[in-house]
Amino acid sequence: MDYFSRTRVKDIIYGNVREEDYRDITVLGWVRTKRVSSNIAFIELNDGSSLKNLQIVVLEPDKFPLDRISTGSSIKVKGYLEASPGAEQSVEMKAEEIIIVGEVTPDYPLQKKRHSFEFLREIAHLRPRTNTFGVVNRFRSKMAYAIHKYFQEQGFYYIHTPIITTSDAEGAGEMFRVTTLDLYNLPILEDGRINFKEDFFGQEAGLTVSGQLEAEVLACAIGDVYTFGPTFRAENSNTSRHASEFWMIEPEMAFCELEEMMDIIEDFLKYLFRYALENAEEEMQFFNQWIDKGRIKILEDIIDAEFGRITYTEAIEILEKADEKFEFPVKWGIDLQSEHERYLTEKYFKKPIMVTDYPKDIKAFYMRLNDDNKTVRAVDCLVPQVGEIVGGSQREERYDVLLARMKELGMDIENYQWFLDLRKYGSVPHAGFGLGFERILMYISGMSNIRDVIPFPRTPGNARF
RNA sequence: UCCCCGAUAGCUCAGUCGGUAGAGCAGAUGGCUGUUAACCAUCGAGUCGCAGGUUCGAGUCCUGCUCGGGGAGCCA
């Protein structure tokens, strides 16, 4: 199939092909549209390497099998490149030979005009062939690389935490169960409960809702680490910002306290925004033009701004004084609602902010208790339009304090003994945060539904493809 | 899980007061000397989401269900 001798459309469009190589070119790709008249025909060819199509010019249409080529067909074209007289492209390809690789039946659902995202979600196996989803998938790849690049450059190690787990990271969310038990013939104990000793792992197991606890183990041994992997939440939440399967980034730093971590969060986010603008220019231009006009300006402004930093208590004071009617009344001790977060970041600060030191009762057990005995060293990073984009905390490194908190919450201490051991043997201050990969993709691109930034979205009631 | 909105041709959508289905695009056929969502002409295309109900008559009104969207909660 001349795989290695073919030329990518991207390289032709962006001038990476030397002019002495113009004579003999082979391209492979899918037809986006075809325009035929009696003495000339044009084919727009896309090979997935770029948003841009290559215009194939066919000078004697009768001599080519154009009847069998339509939108969606895959073809191989041999010919030569030339400067194009047309206004829409600088280079085009004159076809000398066209070989049909795969024909298309007339019921091909993708057309050259715009489709709704709702419709395209129903054909997730074909939507990557559209402009938007081609851009989104290439962008996703580039940003995944950017995340690794940032942490590797900062001296972090990439670690793999288990996907099947028996610890449920308390409060992070409902777990999907993993079992090999016969659901039609369950081993029942005398008291009516299921005997999980007979299950594959000899105990209850599920898919990970967070790699944080295991990341702490690695951080307390090899220093700064990060995870970047799939995460599963069996929550029945049906919104444009939640998926049952998503990719999460969880950095964990040893010998690190909250303030240092906040510097890292701000630096990391700005790095990603800058990376997108500089290294995904084609994608960002597309988003800026078709998805959300002004997206680029928003990112540029944030890169230049210093994130606001306030405590939860200060945030409550601001909200209490706000000249704004909230559906949920503001009072110290409540969890901040979407409307509160939006007011703070969009109206009061008008930029990303980090809110710290939340009441301990609305946060997880492992967060470090402040001296006031009421608040914990947690941080949420809030950005305009999306709301919470990062959540993290300094971890409780004092054995006695952590144990007391776990007992207070009635947790099963035995299950978490390994976690407590970290505080028993050479404990160090450490901190970490979590970032939803799809959330950051949504924020940078302006795409408004999480189902459109992951190729095969998993949501309640839907796991097709 | 709760609240609101929607479902009509392959796609996007119109369908008035309840009177029996319509446009653009796509597809097929023909035409056109350089097109850019090409253009022009002709043709085919429908269990109006599903199940009931009201009515002489339902795409239209009512009830239930399914699926989709937006918002809320929960969170990343």
Side-chain angles (χ1 to χ4, degrees), chain A residues 32-44 52-61 67 70-72 82 84-89 92 94 104-123 126 130-131 169 171-174 208-212 227-250 327-328 334-339 341-342 362-364 380-383 386-392 433-443 448-454 459-462 464:
Chain A
R32 281 297 176 80
T33 179
K34 171 186 77 168
R35 297 181 288 272
V36 185
S37 51
S38 56
N39 293 323
I40 193 165
F42 301 91
I43 294 169
E44 297 291 330
K52 302 277 185 350
N53 302 322
L54 176 64
Q55 173 161 277
I56 310 283
V57 182
V58 183
L59 287 176
E60 293 171 283
D67 286 355
S70 59
T71 300
E82 254 183 12
S84 174
E88 302 290 312
Q89 62 282 315
E92 63 187 17
K94 291 267 166 60
V104 137
T105 52
D107 58 351
Y108 185 62
L110 289 176
Q111 297 168 23
K112 41 191 171 182
K113 68 170 192 167
R114 219 185 147 102
H115 292 286
S116 70
F117 287 168
E118 292 82 3
F119 169 66
L120 292 172
R121 276 174 213 143
E122 290 166 15
I123 49 167
L126 296 171
T130 64
N131 284 342
E174 286 292 310
T208 181
V209 292
S210 166
Q212 184 204 308
T227 71
F228 182 10
T231 308
F232 309 88
R233 302 267 170 97
E235 298 288 352
N236 187 16
S237 53
N238 225 305
T239 83
S240 55
R241 288 190 286 282
H242 291 82
S244 312
E245 176 181 305
F246 62 100
W247 285 63
M248 189 153 65
I249 300 124
E250 293 180 289
E327 193 189 331
F328 294 87
I334 62 152
D335 211 350
L336 295 181
Q337 304 294 314
S338 291
E339 55 176 347
E341 295 181 344
R342 229 175 280 132
I362 58 172
K363 288 292 180 184
D380 279 358
C381 181
L382 311 177
V383 296
V386 168
E388 185 184 338
I389 201 163
V390 170
F433 62 93
L435 173 79
F437 185 46
E438 287 77 16
R439 291 266 176 95
I440 198 77
L441 292 180
M442 288 169 73
Y443 185 67
S448 57
N449 196 311
I450 198 167
R451 283 166 262 233
D452 299 327
V453 294
I454 185 167
T459 50
N462 199 341
R464 278 192 74 211

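Predicted, not measured: the structure shown is a model, and the values here were computed from it. Below, read A as the first sequence line, B as the second, and so on, with proteins coming before strands; counting in each chain starts at 1.
- B/rU12 sits 34 Å from B/rU55 when the C1' atoms are compared, rounded to a whole Å.
- Side-chain atoms of A/Q111 and base atoms of B/rU12 include no donor and acceptor less than 3.5 Å apart.
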(message) Show, in sequence, the C-alpha distance, side-chain angles and deciding distance for A/T33 and A/E44, and conclude whether the side chain to side chain donor-acceptor pair (under 3.5 Å) test is met.
(response) CA-CA 5 Å; A/T33 179; A/E44 297 291 330; over 6 Å; no
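- The base of B/rG34 lies outside donor-acceptor range of the side chain of A/E88, with no N or O pair under 3.5 Å.
- B/rG49 sits 15 Å from B/rG69 when the C1' atoms are compared, rounded to a whole Å.
- The C1' atoms of B/rG22 and B/rG34 are separated by 36 Å, rounded to the nearest whole Å.
- Each of A/F42 and A/E118 has a nearest nucleotide on RNA chain B; the 5'-most of these lies closest to A/F42.
- Within the 4.0 Å cut-off from OP1 or OP2 of B/rG68, at least one side-chain nitrogen or oxygen of A/N462 is found.
- Regarding contacts with the backbone of B/rG73, a side-chain N or O of A/S338 is found under 4.0 angstrom from either OP1 or OP2.
- In terms of phosphate contacts, A/R35 brings no side-chain nitrogen or oxygen within less than 4.0 Å of OP1 or OP2 of B/rU35.
- Closest approach to the A/Q337 side chain among B/rU36, B/rC74, B/rU33 is made by B/rC74 (side chain taken as heavy atoms from C-beta onward).
- Using a 4.0 Å cut-off between a side-chain N of Lys or Arg and a carboxylate O of Asp or Glu, A/D380 and A/K363 qualify as a salt bridge.
- The side chain of A/R121 has B/rG69 as its nearest neighbour among B/rG69, B/rG70, B/rG73.
- B/rG52 and B/rG57 are spaced 16 Å apart, taking the P atom of each and rounding to whole Å.
- Distance noted for atom P between B/rA9 and B/rG46: 11 Å (whole Å).
- For A/F328, counting side-chain heavy atoms from C-beta on, the closest listed nucleotide (B/rU35, B/rG69, B/rA72) is B/rA72.
- With hydrogens and angles ignored, a donor-acceptor pair under 3.5 angstrom links the side chain of A/H242 to the base of B/rC75.
- Searching all strands for a Watson-Crick or G-U wobble partner of B/rC43 with both distances below 3.5 Å returns B/rG27.
- With C1' as the reference atom, B/rC3 and B/rG59 are 27 Å apart, rounded to whole Å.
- Distances were taken from every side-chain heavy atom of A/T33 (C-beta onward) to each of B/rA38, B/rC74, B/rU36; the shortest belongs to B/rA38.
- OP1 and OP2 of B/rC39 both lie 4.0 Å or more from every side-chain N or O belonging to A/S37.
- In summary, the side chains of A/E245 and A/T231 do not present any donor paired with an acceptor at a separation below 3.5 Å, with no hydrogens or angles considered.
- For the P atom pair drawn from B/rC56 and B/rG15, the interatomic distance equals 28 Å after rounding to whole Å.
- Put simply, A/R114 has no side-chain N or O that comes within less than 4.0 Å of OP1 or OP2 on B/rC25.
- Under the 3.5 Å distance criterion, with hydrogens and angles disregarded, a donor-acceptor pair is assigned to the side chains of A/R32 and A/N131.
- Pairing for B/rU1 is with B/rA72, a Watson-Crick or G-U wobble pair whose two hydrogen-bonding atom distances lie under 3.5 Å.
- The phosphate of B/rG68 (OP1 or OP2) has no side-chain N or O of A/N238 nearer than 4.0 angstrom.
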